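Atoms within a ligand are numbered from 1 in the order they appear, just like the ligands themselves. As the structure is a computational prediction, the values presented were derived from the model and not from experiment.
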Amino acid sequence: MSDYHLQSRLIHGPMVSPHWDYQEHIVPPISASTAYRLKSAARGAEGFREFANPEFNRHQQHPIYIYDRLDEPSRSMLEDNLADAEGGERCVAFATGMAAISAALGVLLKTGDTVVSHKTVYGCTYSLFHNWYPRLGIDVVFADLRDVDGLRRILAENPRVMAVYGESPCNPNLELLDLAAVCAAVDEVNQGRAPRRRVFTVIDNTFATPVCQRPLEHGVDLVVHSLTKNIGGFGTDMGGAVIGPALLEPDLLLYRKDFGGVLAPKAAWPPLVYGLPTLALRARQQQESAQAVAEFLEGHPKVARVVYPGLPSHPQHELARRQMRDPDGAFAPGTLVYFVMEGDPARARERGARLMDLLASEALTVTLAVSLGQVRTLVEHPGSMTHATVPPEEQLAAGIDPGGIRLSLGLERTEDILRDLESALDGV
Ligand SMILES: *Cc1c(COP(=O)(O)O)cnc(C)c1O
């Protein structure tokens, strides 16, 4: 299998595993059985003994299926393909990206521990850290992880740090983290720690996807995904995944069983059948449009600045070139563009809101909506939407540019996207 390109492997996957066997199907079936027939009480007991048991390998022996929330074959097929895509040992899939993020950190942290997070993260991840971790007695230190020496100091001063968390590129402003450098700093403090008491690094790879960047290759321990976005790709289903070492699989399975955020087999099927097989192709087209749109916006008088890892003006362009690579080694700067409208904070915000309204009423190819990574180009303006109640000056202080706009490129023809953007910009 590994002789084939990832693009081909994402379509064919392994069709046989001791874990499941669908050799005769070209399209894998959706299994739909919440419970499984057991041949005897002893076999039921054996199934429970094997589940989430580090001594039993569900990938080498046929597991005894008991109940959907524990383990089942359609979801397992998706998990095996995702693990292969990220180059990880194991994958455990969850109902949403947030279920995956809370599980990845849930198996690493307990009361009294600390997680260090990059200062800018996805809104609900921030809410998890801000609203819920204090109740659990878990400390969260927000830091700029682009400053790796700063991270070294935090790690040296705080022996209770058990996890370092971030996104790259991060939402919404497309800052990058130097994953290898972050991991090197973490490795220094891990010298001499037991394998399960080390500091683990967790990276949300939703924006890049494995076809633009594989964090595990840079030394990251765990990758988390919202399958709802680029990997699902068509905007039909929610999902999440954690990919990482076999060491953590039993805890992740146990966590998923007990907290209950399991991915339904029916929701595992679309990313398995439509999402992953088209991921490489979609990303290539979306990146081509992202590069063209970023270059167009960079020259536009009503746009103050454009952030796209593929532009030489990106402050971390060199890092992007090193880190963001497709599976064949080509530069893969991603499918999202961030840009800021020209003007003082109040004026920039007003222009952003006006641009949203014009796109919503006039444009065919650009859709005003949250979410990202779909076949349709989606646009949103945090300054007048998610953060509308915060005054522009305060938005700036909180790191939200009042005129900042996030664009997620879809599969429309590049010229059409450019034309719709151009005419909406004319009107603001
Ligand atoms: C959407 C998103 C999430 C959350 O995923 P859900 O599937 O909506 O729970 C997490 N991280 C990033 C970067 C996202 O874009």
Undergrad: Using a 6.0 Å distance limit plus a 45 degree cone around the ring axis, check whether Arg9 lies over the aromatic ring of Tyr4.
TA: no

Undergrad: Testing the 3.5 Å rule here: is there a donor-acceptor pair between the side chains of Arg406 and Asn171?
TA: yes

Undergrad: With no hydrogens and no angle check, just 3.5 Å: does a side-chain donor-acceptor pair link Thr228 and Ser226?
TA: yes

Undergrad: Which residue and atom name correspond to the protein heavy atom nearest atom 6 (P) of ligand 1, and how close is it?
TA: Gly97 N, 3.3 Å

Undergrad: Pairing donors with acceptors under 3.5 angstrom, does anything connect the side chains of Glu298 and Ser313?
TA: yes

Undergrad: Would you indicate which of Gly123, Ser226, Ser371 comes nearest to atom 5 (O) of ligand 1 when only heavy atoms are counted?
TA: Ser226

Undergrad: When you measure from atom 3 (C) of ligand 1 to every protein heavy atom, which one gives the shortest distance, and what is it?
TA: Tyr122 CE2, 3.4 Å

Undergrad: Can you figure out which of His225, Lys229, Met98, Met238 has its heavy atom closest to atom 1 (C) of ligand 1?
TA: Lys229

Undergrad: For Ile101, counting its heavy atoms only, list the atoms of ligand 1 lying under 4.0 Å from any of them.
TA: 10 (C)

Undergrad: Hey, which of Arg146, Glu167, Gln316, His218 is the one that makes side-chain contact (heavy atoms from CB on, under 4.5 Å) with Leu177?
TA: Arg146

Undergrad: Check each atom of ligand 1 against the heavy atoms of Gly239 and keep those under 4.0 Å away; list them by number with element.
TA: 7 (O)

Undergrad: Going by distance alone, is a donor N or O of one side chain under 3.5 Å from an acceptor N or O of the other, for Glu79 and His19?
TA: no

Undergrad: Could you tell me the residue and atom name of the protein heavy atom closest to atom 7 (O) of ligand 1, and the distance to it rounded to 0.1 Å?
TA: Thr228 OG1, 2.6 Å

Undergrad: I need the nearest protein heavy-atom contact for atom 12 (C) of ligand 1: residue, atom name and distance, please.
TA: Asp204 OD2, 3.4 Å

